[in-house]
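Numbers here are sequence positions counted from 1. On a predicted model such as this, the values are computed, not experimentally measured, just so you know.
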Amino acid sequence: MVSGTSEGPTPATELNRPVVMESEILASPGAEFAGRVGPVEPVEFAAPVKSGEPVESAERFEPGEPAEPGEPADPVRPADSVRPADPVRPDGLVESVDSPSPRAPAPPSYRSVFTAAPLAMAVVDREGTVTGANAALADLLGRDQDTLTGAVAADLVDLASDARTWHAYRELLRGRRARLRCTRRLKHPEGRALWVRVTVAPLPPYDGGVLVSVADISDHRALQARLRHLRMHDPVTRLPNRTLFFERLTTALEAESYAESGTGRIGLCYLDLDGFKAVNDTLGHRVGDQLLAAVAERLTRCAQDAGRTRAGIPLVARLGGDEFALLVEDSTGTEQLADLAESLLDAIQEPFDLSGRRLKVSASIGVVERHAAGTTPTALMQAADTTLYWAKADGKARWTLFDPERNASRVTRQALASSLRPAIDRGEFALEYQPLVGMDDDRVHGVEALIRWHHPRFGTLTPNRFISLAEEDGSIVPLGRWVLRTACRQARAWQTQHPDEPPIFVSVNVAVRQVWDSDLVADVADTLEETGLPPHLLQLELTESAVMGSSGRPLQVLEALSDMGVRIAIDDFGTGYSNLAYLSRLPVSVLKLDGSFVRGFQIEDRAAKATSPADEVIVEAMVQLAHQLGLTVTAECVETSAQATRLRRIGCDTGQGWLYSRPVPPDRISELLGTPGVQAGVGNP
């Protein structure tokens with residue numbers, strides 16, 4: 001073989017082995033040419049001549065090779081210094097370019113190798129026609145060996161089925177490509193599918209054509225398919241697993257999947273069993289797995305039933321644990337997904353008989369349906385997961401459709417939670433104050449400090465938008481400490497600015513977590529000392545549910561604050577426990593009636609019947625009881641003169657609401673302090 005060295009051909013002992021490996025076949029004549037990548041020096045071969053005649057070799061070697069001993073170095077070596085390899089010839093002829101030396105062994109014939117090799121091979125000329133094929137190829141293709149000669153090689157192994165492979169094959173025939181390897185699925189004459197790996201490599205230039213080798217990889221493909229099935233399916237339910245589900249989902253969302261046909265929409269039912277953990281904990285994982293398998297069967301049956309009336313059966317997959325998903329490609333709208341979700345709920349709610357046990361479970365389902373364009377797998381799954389959470393939060397055993405507005409609120413809440421702590425340091429919070437007006441004299445007796453968040457993105461936010469978030473992540477402690485200090489400093493400033501007016505108190509809301517997670521008594525003491533505000537001009541408001549039933553540390557904190565001289569008020573009284581007997585043992589000085597009672601006082605004509613007479617009776621009873629306990633009463637949400645008149649007749653001490661003023665900046669409160677009485681709407685902008 002031509003190797004560029006003076007070494008002779010492969011020893012005959014190597015050729016007599018019973019098995020010839022594919023790698024050895026590819027390393028036979030022409031392999032060095034097939035393996036070259038990139039530009040190489042052209043090699044010219046002399047035409048074959050008769051044995052014994054002188055030969056002038058035109059074969060060229062790289063400059064710098066050593067010359068024969070005793071001869072000057074020359075880039076062109078004599079022809080008799082190398083022996084070109086004998087090409088594989090379909091007719092079995094072996095041509096030589098010179099006479100063999102008496103001391104050198106005769107060049108071996110490769111005809112026996114080509115004929116007996118277990119690897120199916122064929123020699124193809126530059127026109128793509130088979131000039132010779134071995135028996136292994138005929139057996140592999142199920143054809144008579146004689147019929148292969150003269151056949152079109154591309155048709156035998158399906159090289160023209162796709163443009164890319166066909167172009168590469170044509171380039172190789174023209175000598176412009178070094179090698180081609182591809183996998184093809186052929187149909188055997190017996191009807192079975194045949195997977196083969198086709199390798200095409202050029203033969204040496206003096207022989208021309210290419211060598212086509214075909215290896216049967218059907219068993220390998222079958223093993224790959226089996227392994228893929230095991231890797232892509234859940235062993236408990238036999239359903240597609242998360243990997244296969246996301247592979248299918250990604251494909252469905254590709255533009256070419258829906259651009260030319262279909263509805264261009266996609267739907268998803270994301271399902272979770274309610275209380276499945278209890279089944280595992282009480283009956284064991286074996287029963288839990290049986291339940292999952294039974295649920296999978298029912299889900300599959302529902303999907304098949306849905307596919308009978310629609311184009312395509314939804315893909316059912318187990319995503320992990322007790323979570324399942326049904327993917328609907330080319331959905332026709334939310335109605336289709338709603339019908340599917342209803343059928344899933346009905347199917348799962350039917351009792352399960354497992355190993356002599358009768359189990360009854362339910363499921364919660366999040367439903368998402370939208371245009372496929374512009375949707376990503378991540379966005380779709382996030383929407384489904386959010387909707388499933390809504391279904392569980394709404395009571396379980398139900399399905400919930402994705403709501404963009406509700407989701408936007410959730411996203412906003414998350415954004416606020418992540419930026420709340422930094423906002424304290426950036427000074428984005430401010431206080432407004434709402435007057436507490438005496439019912440008898442219409443004078444401002446105090447103000448309630450109400451926090452506002454001037455968010456750079458969402459504008460001014462009221463406490464109901466972020467206080468619960470602050471309580472969840474603990475930032476209510478530093479935020480509450482800032483409110484306390486700012487409100488006391490402002491109350492002291494009003495006292496200094498209006499020395500001739502009776503000083504007003506400031507009421508500050510306190511969260512339960514402030515009592516538990518901070519030293520509230522020390523914070524109040526330090527603030528009063530720092531600002532110079534007298535303790536009796538500070539009122540702390542706690543909700544009824546936080547105060548009623550207090551014991552241990554909360555009660556000790558309230559008693560310590562009361563002993564300090566600070567007023568304690570119960571906010572939103574009447575909506576929580578309303579344990580009036582326990583109320584007498586708490587250090588509380590003020591009750592603030594919830595606005596829901598006051599809203600029942602709507603009619604100004606005393607002769608007319610009130611909208612809710614029961615509210616007036618309840619409020620009157622609470623006011624009388626509070627006075628007997630030595631407490632003062634403040635009515636919230638006073639909006640009309642009729643409400644104020646009735647509350648005054650009942651005996652309320654102070655009122656708070658838009659009748660007197662909305663929450664306003666500190667300078668507006670200063671204006672109210674200079675007036676002899678607060679008339680309706682005086683403090684309103």
Side-chain angles (χ1 to χ4, degrees), residues 386 389-390 393-394 403-424 426-436 446-484 486-487 506-517 539-548 569-577 591-599 634-639 655-666 683-685:
T386 299
Y389 171 80
W390 294 343
D394 292 342
D403 182 2
E405 293 184 3
R406 185 174 180 180
N407 183 65
S409 176
R410 180 187 66 89
V411 172
T412 301
R413 180 179 175 87
Q414 292 176 342
L416 293 178
S418 63
S419 60
L420 205 156
R421 283 183 178 272
I424 301 175
R426 291 194 297 263
E428 296 179 0
F429 293 95
L431 292 183
E432 293 184 347
Y433 302 88
Q434 188 170 29
L436 300 171
V447 293
E448 179 181 357
L450 300 172
I451 190 170
R452 300 290 185 264
W453 184 0
H454 299 301
H455 196 281
R457 175 182 174 187
F458 301 110
T460 301
L461 305 178
T462 54
N464 63 315
R465 296 287 302 276
F466 59 86
I467 288 297
S468 61
L469 299 176
E471 292 177 341
E472 290 175 4
D473 67 2
S475 58
I476 189 65
V477 173
L479 184 61
R481 191 178 290 122
W482 176 86
V483 172
L484 177 65
T486 304
V506 62
S507 187
V508 177
N509 291 276
V510 176
V512 177
R513 191 160 183 176
Q514 290 179 256
V515 179
W516 285 103
D517 294 357
Q539 176 175 289
L540 300 180
E541 296 186 20
L542 290 88
T543 60
E544 179 182 352
S545 58
V547 176
M548 291 300 184
I570 299 179
D571 193 18
D572 299 330
F573 186 78
T575 60
Y577 296 99
L591 296 183
K592 296 189 70 174
L593 298 181
D594 185 72
S596 59
F597 295 105
V598 179
R599 292 190 186 97
T634 298
E636 297 180 306
C637 299
V638 182
E639 298 178 354
Q656 176 183 359
W658 287 8
L659 173 66
Y660 306 109
S661 175
R662 297 171 181 264
V664 293
N684 291 324

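- For Leu420 against Ala470, the heavy-atom pair with the smallest separation is CD1-N, 3.8 Å.
- Between the CG atom in Asp571 and the CG atom in Leu591 there is a gap of 10.5 Å [rounded to 0.5 Å].
- For Ala417, the side chain to side chain contact (heavy atoms under 4.5 Å, CB included) criterion is met by Leu469, not counting sequence neighbours.
- For the side-chain hydrogen bond (donor to acceptor under 3.5 Å, both in side chains) test, residues two or more places apart in sequence or in another chain that qualify with Arg410 are Thr386, Asn407.
- With sequence neighbours excluded, no residue satisfies ring-ring contact (aromatic ring centres under 6.0 Å, His included) with Tyr389.
- You'll find the side chain of Leu431 reaches within 4.5 Å of the side chain of Trp482, heavy atoms only.
- Partners of Phe466 under the ring-ring contact (aromatic ring centres under 6.0 Å, His included) rule, at least two apart in sequence or in another chain, are Phe429, Trp453.
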Walk me through whether Leu416 and Leu461 qualify under side chain to side chain contact (heavy atoms under 4.5 Å, CB included). CA-CA 10 Å; Leu416 293 178; Leu461 305 178; 3.6 Å; yes

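- Note that NE2 of His454 is 5.0 Å distant from OG1 of Thr460, once rounded to the nearest 0.5 Å.
- Taking the side-chain hydrogen bond (donor to acceptor under 3.5 Å, both in side chains) definition, one finds that Glu636 meets it with nothing, sequence neighbours left out.
- Of the inter-residue distances, the one linking Thr634 atom OG1 with Gln539 atom CD reads 6.5 Å to the nearest 0.5 angstrom.
- Of all heavy-atom pairs spanning Ser596 and Asp594, the tightest one is OG-OD2, 2.6 Å.
- Of all non-hydrogen atoms in Gln656 and Tyr660, the two that sit nearest each other are N-CE1, 4.3 Å.
- For Thr462, the side-chain hydrogen bond (donor to acceptor under 3.5 Å, both in side chains) partners are Asn464, not counting sequence neighbours.
- Pro666 is linked by a side chain to side chain contact (heavy atoms under 4.5 Å, CB included) to Tyr433, Gln490, Trp494, counting only residues two or more places apart in sequence or in another chain.
- Legend: salt bridge (charged side-chain N to carboxylate O under 4.0 Å, His left out) pairs involving residues 458-475, not counting sequence neighbours, sorted by first then second residue: Arg413-Glu472.
- At a threshold of 4.5 Å between non-hydrogen side-chain atoms, the residues Asn509 and Ile451 do not count as touching.
- The salt bridge (charged side-chain N to carboxylate O under 4.0 Å, His left out) analysis of residues 446-455, with sequence neighbours excluded, yields the pairs Glu432-Arg452, Glu448-Lys592.
- Because its NZ or CZ atom is both nearer than 6.0 Å to the ring centre of Trp658 and within 45° of the ring axis, Arg662 counts as a cation-pi partner of that residue.
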So Ile476 and Ile467, side chain to side chain contact (heavy atoms under 4.5 Å, CB included) or not? Walk me through it. CA-CA 7 Å; Ile476 189 65; Ile467 288 297; 4.2 Å; yes

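- A search for salt bridge (charged side-chain N to carboxylate O under 4.0 Å, His left out) contacts involving Arg426 returns Glu428, not counting sequence neighbours.
- Between Ile570 and Thr543, the closest heavy-atom pair is CG2-C, 4.3 Å.
- For Ile424 against Pro478, the heavy-atom pair with the smallest separation is CD1-CG, 4.2 Å.
- Judged as a salt bridge (charged side-chain N to carboxylate O under 4.0 Å, His left out), and not counting sequence neighbours, the contacts of Asp394 are Arg406.
- Side-chain contact between Arg457 and Ser419 is absent, with no heavy atoms from C-beta onward closer than 4.5 Å.
- Scanning for side-chain hydrogen bond (donor to acceptor under 3.5 Å, both in side chains) contacts around Thr412 gives an empty result, with sequence neighbours left out.
- The heavy-atom pair separating Cys637 from Val598 by the smallest distance is O-CG1, 3.7 Å.
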